[in-house]
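Please read the structure below before turning to the comments.
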Amino acid sequence: MTLVQALLIALVAAAGQAAGDIGGNVMVNRPIVLAPLVGAILGDLQQGLIMGAALELIFLGVVSIGGATPSDSNMGSVLGTAFAMSMHQGVEIALALAVPIGILQQMVKYLVYFFRATTMHKVEEFAEAGDFGKITRFHFGHCALYVTLYGLIAFVSLQFGAGAMQALVEKIPAIIITGLGAASQMLPAVGFALLMNMLWDNRLCVFLFFGFILSVYLNLPIIAIAGIAATIGIVMIVQDISASRTPRMAAQPDAQSEEEAFFNE
């Protein structure tokens, strides 16, 4: 890996962190986005896409709840993909490296949070003085410092940690690598099962079986099936919008039934 490639990958990691902290978490710091960028920098976009999809399934359900912060998927996916591709290894190595790297980066984040906590008295002083502009600059300044530290960690790891990672990978038993490879092949099924568990609706399950028939029995490619699904979704949305805009006709009383009721009385 060249110096320029390491620098560009570090910038990708820093940009992903900035998008999460400063940009309002617009989901561009996900493995499915960052790993292909790393692959493009290293000259193999297709392999980056494959590794990004596999890593996304690992970190798919990882969310921060309360004070518990999960493994850092950003750093794990960037460095895991970069190390695996630079060593000409497959998805299983990227999976083996991404999780521990993410956990180590999370420990660094704890230290940063501790440092932020020791400076919060300044925010109270700014608030008492009514200087909200300084509070804003203080907040974004902390975020910028962490983004800079983030990119620096990624750069140093790529420049000086490649040899250590290579030695570590060579010491992993072959049976572990085989097991990781088998796990990487099962991850797509696990990921789709997680999504179905959250999105399952008895009224819409027929479309799942429809897609299965299109794929298995008609051998349609995924792009074609996605196009059919998008078309059906657009038609359903347009129908719902049209139905909501159609004024409901007030029920008109039946004149004949009113006359019969009058004479019956």
Test item: [X] and [Y] side chains (from C-beta on) under 4.5 Å apart, heavy atoms:
{"X": "N74", "Y": "L34", "answer": "yes"}
{"X": "F83", "Y": "I93", "answer": "no"}
{"X": "H142", "Y": "T119", "answer": "yes"}
{"X": "F207", "Y": "M236", "answer": "yes"}
{"X": "I135", "Y": "E125", "answer": "no"}
{"X": "P100", "Y": "L104", "answer": "no"}
{"X": "K109", "Y": "Y150", "answer": "no"}
{"X": "F132", "Y": "F126", "answer": "no"}

Let me confirm one number: the [atom1]-[atom2] distance from [X] to [Y], rounded to the nearest 0.5 Å.
{"X": "Q159", "Y": "S157", "atom1": "CD", "atom2": "OG", "value": "10.5 Å"}
{"X": "Y146", "Y": "L111", "atom1": "OH", "atom2": "CG", "value": "9.5 Å"}
{"X": "N29", "Y": "S77", "atom1": "CG", "atom2": "OG", "value": "8.5 Å"}
{"X": "D44", "Y": "Q46", "atom1": "CG", "atom2": "CD", "value": "6.5 Å"}
{"X": "I237", "Y": "I232", "atom1": "CD1", "atom2": "CD1", "value": "12.0 Å"}
{"X": "S215", "Y": "F210", "atom1": "OG", "atom2": "CZ", "value": "12.0 Å"}

Should [X] and [Y] be counted in the same cluster of Ile, Leu, Val, Met, Phe, Trp and Tyr side chains packed under 4.5 Å apart?
{"X": "I103", "Y": "I101", "result": "yes"}
{"X": "L149", "Y": "F155", "result": "no"}
{"X": "I153", "Y": "V112", "result": "yes"}
{"X": "V147", "Y": "F114", "result": "no"}
{"X": "L214", "Y": "V206", "result": "yes"}

Taking every non-hydrogen atom, the tightest pair across [X] and [Y]:
{"X": "A35", "Y": "T81", "answer": "CB-OG1, 3.5 Å"}
{"X": "G211", "Y": "I225", "answer": "O-CD1, 4.1 Å"}
{"X": "M75", "Y": "D72", "answer": "N-OD1, 3.0 Å"}
{"X": "A154", "Y": "A10", "answer": "CB-CA, 4.0 Å"}
{"X": "E56", "Y": "P31", "answer": "OE1-CD, 3.0 Å"}
{"X": "Q47", "Y": "Q89", "answer": "NE2-O, 4.1 Å"}

Going by the angle between their ring planes, with limits at 30° and 60°, are Y217 and F212 parallel, tilted or perpendicular? perpendicular
Whether the side chain of Q17 engages the backbone of A14 through a donor-acceptor N/O pair (distance < 3.5 Å, no angle test) should be reported. no
Kindly indicate, with the supporting measurements, whether the criterion side-chain contact (heavy atoms from CB on, under 4.5 Å) is fulfilled by L42 and I9. CA-CA 9 Å; L42 295 179; I9 293 173; 4.0 Å; yes
Against L158, only a single residue in L7, V78, L8, L79 fulfils side chain to side chain contact (heavy atoms under 4.5 Å, CB included); can you say which? L79
Among V91, I32, L95, exactly one meets side chain to side chain contact (heavy atoms under 4.5 Å, CB included) together with L55. Which residue is that? L95
Within 6.0 angstrom of L3 CG, more than 12 heavy atoms from elsewhere: yes
